[in-house]
Amino acid sequence: MTQFELRPTGPGDLEPLADMLSDPADMARVNPAAKVPFDPLEWSEKWLGDPDDRAYYIVDGAEEIVGFFALRIGIGPEVRHLVYVFLVPEVRGGAGERLAALSEDAAARLGATAISLKVELDNPRAHATYLSAGYAELGRSNGMATMRKDL
């Protein structure tokens, strides 16, 4: 199994994310409200503009960036909300549990005691991955399941 590590993003460090989200279908899955094509300024100011947001690239053993996610302040600073999760197609189908663990570790290092997320119900693999990782489904609305896990 490939090992993954996290690399925190720096200010304006969005070129790798832009490269990963060059397909409009991928952009719609990660953030349906974002402009297409990817606009780094929009992401810097609107989607990742809060000073408390933390964003990370997922890097494989060959130092290749294979994914991305961000953690936003949820209901108070003790809860982090996992957003903008993306894995390149080459690592999908088995990397979800590792991604969940990495995001949980990152949230805990930020002082969170819980992590929440929303997952599309038309993505049953992701939904099942979060369930198997210990997330509880809190409710469903507009084609999304809201989930939470205490850390």
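- Under a hydrophobic clustering in which Ile, Leu, Val, Met, Phe, Trp and Tyr are joined whenever their side-chain heavy atoms come within less than 4.5 Å, directly or via other members, M144 and I115 fall into different clusters.
- Using a 4.5 Å cut-off on side-chain heavy atoms (C-beta onward), L121 and R140 make contact.
- The nearest pair of heavy atoms linking L71 to S103 is CD1-O, 3.9 Å.
- Here the closest heavy-atom approach between residue Y57 and residue E15 is recorded as OH-N, 4.3 Å.
- Classification of E120 and R29 as a salt-bridged pair holds, one side-chain N sitting under 4.0 Å from a carboxylate O.
- Between N31 and W43, the closest side-chain pair of non-hydrogen atoms falls below 4.5 Å.
- Residues F69 and V119 share a single hydrophobic cluster, defined by chaining ILVMFWY side chains whose heavy atoms lie under 4.5 Å apart.
- Nearest heavy-atom pair, W47 versus R72, reported as atom, atom and distance to 0.1 Å: O-NH2, 3.1 Å.
- A single hydrophobic cluster is seen to contain both V91 and V59, as judged by linkage of ILVMFWY side chains at heavy-atom distances under 4.5 Å, directly or through other members.
- One distance of note links CG of D150 with CZ of R148; it measures 5.0 Å at 0.5 Å rounding.
- In summary, the side chains of E104 and Y135 do present a donor paired with an acceptor at a separation below 3.5 Å, with no hydrogens or angles considered.
- Summarising the geometry of A70 relative to L48, their closest heavy-atom pair is CB-CD2, 3.7 Å, with the distance given to 0.1 Å.
- Minimum heavy-atom separation, V85 to V30: O-CG2, 3.8 Å.
- In this structure, E90 and V66 have side chains that are not in contact, with every pair of non-hydrogen atoms separated by 4.5 Å or more.
- No single ILVMFWY cluster, assembled from side-chain heavy atoms under 4.5 Å apart, contains both Y130 and V79.
- One hydrophobic cluster, built from ILVMFWY side chains closer than 4.5 Å, holds both Y56 and L151.
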One pair to check against side chain to side chain contact (heavy atoms under 4.5 Å, CB included): D26 and M20. What are the steps and the verdict? CA-CA 8 Å; D26 288 336; M20 285 188 286; over 6 Å; no
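- Proximity of a side-chain donor or acceptor of K149 to a complementary backbone N or O of S116 within less than 3.5 Å is not detected.
- For an aromatic pair to be called close, the ring centres must be under 6.0 Å apart, and F86 with F68 fails this.
- Atoms CG and NZ, from L41 and K46 in turn, are 12.0 Å apart once rounded to the nearest 0.5 Å.
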Go through it in stages, so that I can follow the logic: the residues are R125 and N123, the test is side chain to side chain contact (heavy atoms under 4.5 Å, CB included), and I'd like the CA-CA distance, side-chain angles, deciding distance and then a yes or no. CA-CA 6 Å; R125 275 181 111 165; N123 188 348; 4.1 Å; yes
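- Within the 4.5 Å cutoff, the side chain of L138 has no heavy atoms near those of the M147 side chain.
- Annotation: side chain of E5 is not in contact with side chain of L102 (no heavy-atom distance under 4.5 Å).
- Other residues, nucleotides and ligands contribute over 12 non-hydrogen atoms within 6.0 Å of the CG atom of D122.
- Proximity of S44 to L14: side-chain heavy atoms (C-beta onward) are separated by under 4.5 Å at one or more points.
- Atoms CZ and CG, on R54 and L110 in that order, are 6.0 Å from each other to the nearest 0.5 Å.
- Separating the CG atom in D60 from the CD1 atom in I65 is a distance of 9.5 Å, to the nearest 0.5 Å.
- Within the model, atoms NE2 of H81 and CG of L117 stand 6.5 Å from one another, a figure rounded to the nearest 0.5 Å.
- Nearest approach of K35 to M27, heavy atoms of both residues: O-CE, 3.5 Å.
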